[in-house]
**Student:** 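Take a look at this one; I'll ask things after.
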Protein chains: 2
Amino acid sequence: MATIKDVAGRAGVSVATVSRVLNGNGYVHEDTRQKVEEAIRALNYTPNEVARSLYKKKSKLVGLLLPDITNPYFPQLARGVEDRMQENDYRLIFGNSDENREKEMDYIQTFIQNHVVGIISSTNDPGAEMYAELRIPIVFLDRTTSDRPSVYADGREGGRLAAREIIKRGSKRITIIQGPAHVGPAMDRYEGAVEVVRERGLPYDVLKTTSFSFTEAEGWAQDLFRLYPDTDGVIASNDIVASAVLQEAFRLGKRVPEDVQIIGFDDIPLSRLLAPSLSTIHQPAYEMGREAAELLIQLMEGQHIERKSKQYPVHFIERQTTRKVD
Amino acid sequence: MATIKDVAGRAGVSVATVSRVLNGNGYVHEDTRQKVEEAIRALNYTPNEVARSLYKKKSKLVGLLLPDITNPYFPQLARGVEDRMQENDYRLIFGNSDENREKEMDYIQTFIQNHVVGIISSTNDPGAEMYAELRIPIVFLDRTTSDRPSVYADGREGGRLAAREIIKRGSKRITIIQGPAHVGPAMDRYEGAVEVVRERGLPYDVLKTTSFSFTEAEGWAQDLFRLYPDTDGVIASNDIVASAVLQEAFRLGKRVPEDVQIIGFDDIPLSRLLAPSLSTIHQPAYEMGREAAELLIQLMEGQHIERKSKQYPVHFIERQTTRKVD
DNA sequence: TTGTAAGCGTTATCAG
DNA sequence: CTGATAACGCTTACAA
């Protein structure tokens, strides 16, 4: 790897001059600039970001912390973040936290040690000390906080929406699947759904679950129809669980949506490819990722911040696991 | 952020001594070590990785380049890589290449600039110049090369397997969906399938496709049944496309597997949650990710390398989109 | 057993 | 307009 010194040598100037043309600041005679650029090309030189980072005490690195990239909702967020960051030449150091405090701290720690200039985190505890102490900008993604920048969807309204739509379409004995209690957005949507069902005075059941894992989803779907065989409407905690419910209904010979309606949450890409395709509450995940990146960039580059948090509206995607209504 | 100097000051020793206790090399008196450790704790000091990296000309960073994390096959690979890397305290700089040469070069470039000590890449062109010139270890993931370390699945055999299984289960007019021509593994499985179908002297049709995108998948599924309405067996290029085919079959009132059998490829987590659940060719994605990481670690840490490439066998997962056979 | 100092590749300050 | 040089935080000879 050629260094700035090599370039300086070849161009017959000092390293300071090379640095100037590199960064486009200070005065450099046109002829000198030519020579330097020539040398740069000849040596195929690119600046050492580590040295830069050491001197400037900041890098072009951003930390991205997600619970689990294997959950189909997160790749979209990640992609949104990445695409926006790319545009401003930031790179991501990426980690999965598994919603585990230790891992999370570990990552935040190494992010700092590597001079990241900002962090985007999808954590269940934005109030944690490690975040409070942070001296660099952070944006919470998919999770709410009152006092720190965050980008999230209106989960509560999403829950309400799901309930309203499934009721409007005729379900009378609704089962609401409650996602993991420690996952904020999961609880929001759950509470929203309960709120509406209660308001309407409808009977409802709740199935508690503790993860969004693929394998466990099947078990919950089985529990659901075993415990509440007469349910005619299921509001799932996310699209994965909804898929499992749809499959179990199929296995039991229940017709969807005639016998049971199902509404998911997230609108992951695969839900439209299910048969029947899954009605769900759409969260603009890619957009949210981009927006989190946008916000963080503003924070990092010290521009004027219009508002430090953004809540995205969600909406109902009518597909085939709910009945038609006119 | 406390620096090594602060620690030295507080402990009343030189920075060299602190460095020694930090790295556990050289002689340090027990009492001194105590004092230093005390100071470290008091100041909540953690070493600046950037400074370390600059001096040592290497870091604890590894580059991971994937085509598109949004394709459900890749999160598994990524997770495998991450989990293994984590165990040895490596962090990932992550990027999506979109199978785009420019982006790929750009990422590799910045990886180098950031002193990554190794790279894992899932590229269509492992022979590219940028890879040949690399002075750090690289492992190609999900893609074959003869002369560089790589971890991949036996796609060709996978294609053969799919064909054999679907034939064994009675399909007579098979349609093989050919994935993007520039994606190596896609072509391998395609060729494997063709090989077997030809061998058996069965008539078959080919539907060419150009991407694995969710939205386009629907279009291809429609094309498929429009062009080959009598097909009774579909070998899809991956599970996404298979889902789309399954859905389209459902829409057209075809029974699966009675009228049409469908076999996918990859065995992404969601395929077992489809209704009917998808028969597919399983690739051990998570394992492969881990193995790629393992190999790279060996390469980076200069241990003895047993073999520099690893091909994983694939196997048929019998689920419900294929008929039973005894 | 410990300290001094050079050096990693940059950038920025200050003379010239 | 250009060149020396200190400094960023750390590791490692080399001295003591």
Side-chain angles (χ1 to χ4, degrees), chain A residues 1-37 39-40 43-61 89 109-117 135-136, chain B residues 1-37 39-40 43-61 89 109-117 135-136:
Chain A
M1 283 289 295
T3 74
I4 199 173
K5 245 180 177 163
D6 301 326
V7 175
R10 189 167 223 272
V13 299
S14 76
V15 295
T17 301
V18 177
S19 178
R20 282 189 200 99
V21 350
L22 241 33
N23 299 286
N25 48 25
Y27 296 85
V28 177
H29 189 90
E30 187 49 32
D31 297 353
T32 320
R33 152 166 289 111
Q34 301 277 327
K35 278 191 301 180
V36 172
E37 279 167 352
I40 290 179
L43 296 172
N44 210 295
Y45 167 81
T46 51
N48 181 325
E49 284 298 332
V50 178
R52 272 193 174 164
S53 172
L54 179 59
Y55 182 85
K56 313 234 277 188
K57 291 167 180 266
K58 54 179 178 161
S59 67
K60 289 299 265 180
L61 260 20
D89 297 321
Q109 173 97 281
T110 53
F111 286 169
I112 301 296
Q113 290 179 292
N114 282 288
H115 279 189
V116 301
V117 278
R135 308 167 78 84
I136 53 172
Chain B
M1 283 291 294
T3 74
I4 199 173
K5 245 181 176 163
D6 300 327
V7 175
R10 190 168 220 276
V13 300
S14 76
V15 294
T17 302
V18 178
S19 178
R20 284 189 199 99
V21 349
L22 241 32
N23 299 287
N25 49 26
Y27 297 85
V28 178
H29 190 88
E30 188 49 31
D31 298 353
T32 319
R33 152 167 289 111
Q34 301 276 326
K35 280 191 299 180
V36 172
E37 279 167 353
I40 290 178
L43 296 172
N44 209 292
Y45 168 80
T46 51
N48 181 325
E49 284 297 332
V50 177
R52 270 192 175 165
S53 171
L54 179 59
Y55 181 85
K56 314 235 280 189
K57 291 166 181 266
K58 54 179 177 162
S59 67
K60 290 298 267 183
L61 262 17
D89 296 322
Q109 173 96 279
T110 53
F111 286 169
I112 301 297
Q113 291 178 292
N114 283 287
H115 279 188
V116 300
V117 278
R135 310 169 77 84
I136 53 172

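So that the names make sense, note that chain A is the first sequence line, chain B the second, and so on, each numbered from 1.
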**Student:** Considering only heavy atoms of chain A and a distance under 4.0 Å, specify the first and last nucleotide of DNA chain C in 5' to 3' order that meet this criterion.
**Tutor:** C/dG9 to C/dT13
**Student:** Mind checking whether B/V13 and B/R20 have side chains closer than 4.5 Å, heavy atoms only?
**Tutor:** no
**Student:** Evaluate the side-chain proximity of A/I112 to A/I136: yes if any heavy-atom separation is below 4.5 Å, no if none is.
**Tutor:** yes
**Student:** Counting distance only, does the side-chain N/O of B/S59 pair as donor-acceptor with the main-chain N or O of B/S53 below 3.5 Å?
**Tutor:** no
**Student:** Taking side chain as C-beta onward, heavy atoms only, is A/T46 less than 4.5 Å from A/M1?
**Tutor:** yes
**Student:** Side-chain contact, heavy-atom cut-off 4.5 Å: A/T3 with A/V15?
**Tutor:** no
**Student:** Base, sugar-phosphate, or nothing for A/T32, non-hydrogen atoms under 4.0 angstrom?
**Tutor:** sugar-phosphate
**Student:** I'd like to know whether NZ of B/K60 has more than 12 heavy-atom contacts from other residues, nucleotides or ligands below 6.0 angstrom.
**Tutor:** yes
**Student:** Could you please spell out the steps behind the side-chain contact (heavy atoms from CB on, under 4.5 Å) verdict for B/L22 and B/I4?
**Tutor:** CA-CA 10 Å; B/L22 241 32; B/I4 199 173; 4.3 Å; yes
**Student:** Without decimals, in angstroms, what is the distance between A/H29 NE2 and D/dC1 P?
**Tutor:** 7 Å
**Student:** Between A/N114 (side chain) and A/V116 (backbone), is there a donor-acceptor pair under 3.5 Å?
**Tutor:** no
**Student:** Base, backbone or nothing for each nucleotide of nucleotides 6-16 of chain D, written B, S, -, heavy atoms under 4.0 angstrom, 5' to 3'?
**Tutor:** -BBBSBBB---
